[in-house]
Amino acid sequence: GIDPPLIAYDTTTHLYTPRKSFYEHAQLLKFVAPGSVRIGATDNDANLTTLAFRQPGTGRLTIVGRNSSGSAVTLNGTLSNLPTAVSSLEFFRTNSPLDLDRGSDVVVSNNTFSVSIPTNTYFTLVSPAPAFLGTGVKVDAQGKLVPWFAPATNAYHEFLVRRWDFVKNAPASPGPA
């Protein structure tokens, strides 16, 4: 069958509203940057699906997955063969009450980590953005993720400033081989 669109349109208010599936897709699309390479990830629980990606230009690690079980599952992970050390992972989740909600950071010690994934949850674990990428994910005063579609004063100017900061601070390319 055909799934409903990711964004709903209200013909009375003329407003667009993200559906739950929008946030489920965002768990992958927001954090796996273009050019990322899928790397090995294994799981030992039939109710847990995980995929891992690394962005070659920055070394940023992203693990996305889903706990399809009716109960929480503990994900015990070991990181190996990464070019840069990872000391923590930012934790985001989408489930019945939460939409791309940032949870507490997950500590990585001696390349291992452990995190409880709530029931019926899509999740993302991502290493913090390298310094040249700026602030990474923006959160409000309550620690909630500020979505990219939130209205902002002077949004175009904000976009230009952030884009220029990115270009100005990007590492030099080694050039053609």
Side-chain angles (χ1 to χ4, degrees), residues 1-38 41 47-55 57-58 60-73 75 88-106 115-170:
I2 297 175
D3 291 331
L6 300 178
I7 298 177
Y9 178 70
D10 186 320
T11 57
T12 305
T13 63
H14 304 288
L15 294 175
Y16 290 91
T17 307
R19 297 176 194 260
K20 186 60 71 176
S21 57
F22 172 90
Y23 295 103
E24 292 167 355
H25 282 79
Q27 292 289 149
L28 174 69
L29 300 174
K30 181 172 181 61
F31 299 104
V32 180
S36 293
V37 177
R38 187 167 169 197
N47 294 310
L48 189 65
T49 304
T50 57
L51 301 170
F53 300 87
R54 188 179 67 79
Q55 188 175 11
T58 65
R60 192 171 196 190
L61 171 69
T62 303
I63 301 168
V64 295
R66 180 175 184 219
N67 172 11
S68 60
S69 129
S71 59
V73 172
L75 173 61
S88 67
L89 297 166
E90 297 169 355
F91 180 41
F92 297 87
R93 63 248 163 128
T94 295
N95 54 29
S96 181
L98 302 173
D99 295 326
L100 202 59
D101 179 72
R102 182 165 180 184
S104 298
D105 287 357
V106 176
V115 60
S116 178
I117 309 297
T119 183
N120 296 315
T121 297
Y122 289 85
F123 66 92
T124 302
L125 296 163
V126 60
S127 60
F132 74 85
L133 290 180
T135 60
V137 176
K138 200 171 191 178
V139 294
D140 65 15
Q142 290 79 38
K144 298 280 187 180
L145 184 71
V146 177
W148 62 268
F149 56 84
T153 307
N154 217 359
Y156 186 68
H157 173 75
E158 178 74 13
F159 166 78
L160 291 177
V161 168
R162 287 183 182 274
R163 178 68 180 146
W164 174 246
D165 285 347
F166 172 78
V167 170
K168 183 175 66 174
N169 296 314

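Keep in mind that this is a model prediction, so the values were computed, not measured.
Results of the side chain to side chain contact (heavy atoms under 4.5 Å, CB included) test with R93 over L98, V115, D99 single out L98 as the only residue that passes.
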Quick one: do L75 and L125 satisfy side-chain contact (heavy atoms from CB on, under 4.5 Å)? Show the steps, please. CA-CA 11 Å; L75 173 61; L125 296 163; 3.9 Å; yes

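A search for salt bridge (Lys or Arg N to Asp or Glu O under 4.0 Å) contacts involving R54 returns nothing, not counting sequence neighbours. With sequence neighbours excluded, no residue satisfies side chain to side chain donor-acceptor pair (under 3.5 Å) with T62. Partners of L29 according to the side-chain contact (heavy atoms from CB on, under 4.5 Å) rule, which considers only residues two or more places apart in sequence or in another chain, are H25. With sequence neighbours excluded, no residue forms a side chain to side chain donor-acceptor pair (under 3.5 Å) with E24. With sequence neighbours left out, the side chain to side chain donor-acceptor pair (under 3.5 Å) criterion links N47 to no other residue. Listed by chain and residue number, S36, Q55 satisfy the side-chain contact (heavy atoms from CB on, under 4.5 Å) test with A33 (two or more places apart in sequence, or in another chain). Among residues two or more places apart in sequence or in another chain, the side-chain contact (heavy atoms from CB on, under 4.5 Å) test is passed with A26 by L100. Legend: residues meeting side-chain contact (heavy atoms from CB on, under 4.5 Å) with A8, ordered by chain and number and at least two apart, are R19.
The CG atom of L61 sits 13.0 Å away from the CZ atom of F31 when rounded to the nearest 0.5 Å.
S88 approaches P128 most closely through the heavy-atom pair O-CD, 3.4 Å. Of all heavy-atom pairs between Y16 and I7, the closest is CB-CG2, 3.6 Å. Of all the heavy atoms in S127 and L89, the pair that sits closest is N-CD2, 3.7 Å.
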Quick one: side chains of residues 116-123, donor-acceptor pairs under 3.5 Å with protein atoms, not counting sequence neighbours, listed by atom name and distance.
| unit_1 | atom_1 | unit_2 | atom_2 | d |
| --- | --- | --- | --- | --- |
| T119 | OG1 | S69 | O | 2.7 |
| T119 | OG1 | G70 | O | 3.2 |
| T119 | OG1 | S71 | N | 3.4 |
| T121 | OG1 | N95 | ND2 | 3.0 |
| T121 | OG1 | P118 | O | 3.0 |
| T121 | OG1 | T119 | O | 2.9 |

